[in-house]
Engineer: 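First, the structure itself, so that you have it in front of you.
Chain letters run A, B, ... following the sequence lines, proteins first and then strands; every chain starts at 1. Computed from heavy atoms alone, side chains included, the values below leave out hydrogens, waters and symmetry copies.
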2 protein chains.
Amino acid sequence: MFIQLDFESKKPIYTQLKHEIIAGIARKDLSAGEALPSVRSLAADLGINLHTVNKAYQQLKQEGFILIHRQKGVVIHPDGVPEAGEDYYAELKETLRPSIAESICRGLSEEEYLSICQDIFKGFKEGEKK
Amino acid sequence: MFIQLDFESKKPIYTQLKHEIIAGIARKDLSAGEALPSVRSLAADLGINLHTVNKAYQQLKQEGFILIHRQKGVVIHPDGVPEAGEDYYAELKETLRPSIAESICRGLSEEEYLSICQDIFKGFKEGEKK
DNA sequence: TGTCTGTTATACATATAATATAACAGTTAC
DNA sequence: GTAACTGTTATATTATATGTATAACAGACA
């Protein structure tokens with residue numbers, strides 16, 4: 001797997017794990033229907049506890065990114081990730097507002113901020129080409 | 001004060017408080033040199049503990065938003081907030097990457113995402129006009 | 001002398017994060 | 001049929017984060 005964790009980060013491990021998998025889907029490194037490692041093997045691979053992996057998987061399931069078959073295993077959601085709805089837009093704005101507020105205070109122009117966003121989008125698109 | 005807290009939120013109160021003050025600066029509701037309430041009076045106003053306010057103030061001081069005079073009080077930094085540096089850009093990208101990854105998964109186009117950012121910028125600019 | 005600052009110190013309750021074991025109930029392969 | 005594999009559940013423990021409650025200190029100031 002491509003997953004990299006930072007054990008010094010203040011971000012919880014299960015959150016980092018979620019983000020890594022979501023990023024994998026975004027850059028099409030993981031595609032619909034593809035199998036993910038079992039909670040035990042991934043935990044062993046990453047040197048963390050099985051419950052930490054399970055927590056990440058449960059939340060990814062809850063948010064529609066993956067499917068979990070009780071005795072088969074875990075797969076990226078075959079039907080694709082649910083499209084953004086009103087609630088998601090609201091949540092996204094809640095995330096962006098503090099970030100934009102601080103950027104304004106620190107003298108970043110709107111153009112600079114959007115440019116950074118575009119760079120990140122570019123990074124995901126380049127990731128697609130492997 | 002204009003500060004609104006959500007006690008049901010998963011976000012810590014001191015974090016919400018920080019964001020509210022930073023947003024106040026961004027929309028120029030708070031300007032350089034302006035005094036902020038004392039830890040005790042703000043805590044009483046908001047119905048929270050003085051240590052919670054103090055924690056927010058300490059972090060805002062650490063990040064250059066405010067100055068704290070030992071026996072005078074708290075003021076918005078008179079010299080303005082420190083400009084964005086390399087470390088800030090890195091931190092900003094770290095915040096945006098997971099957000100953008102999820103948006104891509106949920107079918108948002110780059111244009112839609114940037115449009116949401118622009119809306120938020122617009123909100124702060126309109127806030128300036130009181 | 002009070003009253004106001006921020007600061008510091010303790011203590012306490014609760015929640016979250018992460019780990020460590022153990023066991024259960026199905027599936028699948030040998 | 002047994003062994004190895006799934007996710008799941010349950011318990012327990014440790015550490016850290018969050019928030020509150022008091023209390024006290026030292027300096028400023030009217």
Engineer: Tell me, which of residues 45-71 of chain A have any heavy atom that sits under 4.0 Å from an atom in DNA chain C?
Structural biologist: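 Heavy-atom cutoff 4.0 Å gives A/Ile48, A/Asn49, A/His51, A/Thr52, A/Lys55, A/Gln71.
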
Engineer: Can you pull out every salt bridge (charged side-chain N to carboxylate O under 4.0 Å, His left out) where at least one residue sits in residues 35-59 of chain A? Sequence neighbours excluded, please.
Structural biologist: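 Not a single pair qualifies under salt bridge (charged side-chain N to carboxylate O under 4.0 Å, His left out).
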
Engineer: For DNA chain C, which nucleotides open and close the run of contacts to chain A, 5' to 3', at under 4.0 angstrom from a non-hydrogen atom?
Structural biologist: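 Reading along DNA chain C, I get C/dA17 to C/dT27.
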
Engineer: List the atom of B/Leu96, the atom of A/Cys117, and the distance in Å for their closest heavy-atom pair.
Structural biologist: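 Taking every non-hydrogen atom into account, CD1-SG, 3.9 Å.
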
Engineer: Does D/dT18 have OP1 or OP2 sitting under 4.0 Å from an N or O in the side chain of B/Tyr14?
Structural biologist: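 Affirmative; the distance criterion is met.
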
Engineer: Give, for atom CG of A/Leu114 and atom CG of B/Leu114, the distance between the pair rounded to the nearest 0.5 Å.
Structural biologist: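 Spacing of CG (A/Leu114) from CG (B/Leu114) equals 5.5 Å.
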
Engineer: Give me the atom names and distance for the closest heavy-atom approach of A/Pro37 to A/Leu42.
Structural biologist: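 That closest heavy-atom pairing would be CB-CB, 3.9 Å.
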
Engineer: Could you give the angle between the helix axes at the two ends of the helix from C/dG6-D/dC25 to C/dC30-D/dG1, with five pairs per end, rounded to 10 degrees?
Structural biologist: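 End axes: 20° apart.
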
Engineer: For B/Glu94, give me all partners under salt bridge (Lys or Arg N to Asp or Glu O under 4.0 Å), at least two apart in sequence or on another chain.
Structural biologist: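 If we apply the salt bridge (Lys or Arg N to Asp or Glu O under 4.0 Å) test to B/Glu94, skipping adjacent residues, the hits are B/Arg97.
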
Engineer: Heavy-atom contacts under 4.0 Å between residues 36-43 of chain A and DNA chain C, which residues?
Structural biologist: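 Heavy-atom cutoff 4.0 Å gives A/Arg40.
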
Engineer: Nearest 0.5 Å please: distance from the CD atom of B/Glu34 over to the NZ atom of B/Lys28.
Structural biologist: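 Atom-to-atom, B/Glu34:CD and B/Lys28:NZ are 12.5 Å apart.
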
Engineer: What is the minimum heavy-atom distance between A/Pro78 and A/Ala32, and which atoms define it?
Structural biologist: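 Minimum heavy-atom contact is O-CB, 3.6 Å.
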
Engineer: So which of residues 3-11 of chain A are in contact with DNA chain C, with a heavy-atom cut-off of under 4.0 Å?
Structural biologist: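 Going residue by residue through residues 3-11 of chain A, none turns out to have a heavy atom under 4.0 Å of DNA chain C.
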
Engineer: Quick test of your reading: applying side-chain hydrogen bond (donor to acceptor under 3.5 Å, both in side chains), list the pairs with at least one residue in residues 77-91 of chain B, sequence neighbours left out, ordered by first then second residue.
Structural biologist: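 Qualifying pairs: A/Ser103-B/Tyr88.
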
Engineer: Kindly write out the residues that satisfy salt bridge (Lys or Arg N to Asp or Glu O under 4.0 Å) with A/Lys72, not counting sequence neighbours, or none if the list is empty.
Structural biologist: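 Per chain and number, A/Lys72 pairs via salt bridge (Lys or Arg N to Asp or Glu O under 4.0 Å) with no residue.
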
Engineer: Enumerate, atom names and distances included, each donor-acceptor pair closer than 3.5 Å involving a side-chain atom of residues 8-27 of chain B, sequence neighbours excluded.
Structural biologist:
from    : atom 1 : to      : atom 2 : distance (Å)
B/Ser9  : OG     : B/Lys11 : N      : 2.9
B/Gln16 : OE1    : B/Asp6  : N      : 2.8
B/Gln16 : NE2    : B/Asp6  : O      : 3.0
B/Gln16 : NE2    : B/Lys11 : O      : 3.0
B/Lys18 : NZ     : B/Gln59 : OE1    : 3.0
B/Lys18 : NZ     : B/Glu63 : OE2    : 2.9
B/Glu20 : OE1    : B/Gln4  : N      : 3.4
B/Arg27 : NH1    : B/Asp29 : OD2    : 3.1

Engineer: What residues form a side chain to side chain contact (heavy atoms under 4.5 Å, CB included) with A/Arg70, not counting sequence neighbours?
Structural biologist: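 Side chain to side chain contact (heavy atoms under 4.5 Å, CB included) check on A/Arg70 returns nothing, list empty.
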
Engineer: Only pairs at least two apart or in different chains count here, so list each side-chain hydrogen bond (donor to acceptor under 3.5 Å, both in side chains) that has a residue in residues 113-123 of chain B.
Structural biologist: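 Applying side-chain hydrogen bond (donor to acceptor under 3.5 Å, both in side chains) to every pair that reaches into residues 113-123 of chain B, excluding sequence neighbours, yields B/Ser99-B/Tyr113.
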
Engineer: With a 4.5 Å cut-off on side-chain heavy atoms, are A/Leu108 and B/Leu92 touching?
Structural biologist: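 B/Leu92 vs A/Leu108: side chains touch.
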
Engineer: What are the two closest non-hydrogen atoms of B/Leu46 and B/Phe7, and how far apart are they?
Structural biologist: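 B/Leu46 and B/Phe7 have their closest heavy atoms at O-CZ, 3.8 Å.
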
Engineer: Taking B/Ile76 as the fixed residue, which of B/Leu67, B/Val81, B/Leu30 is the one that meets the side chain to side chain contact (heavy atoms under 4.5 Å, CB included) rule?
Structural biologist: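 The option that passes is B/Leu30.
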
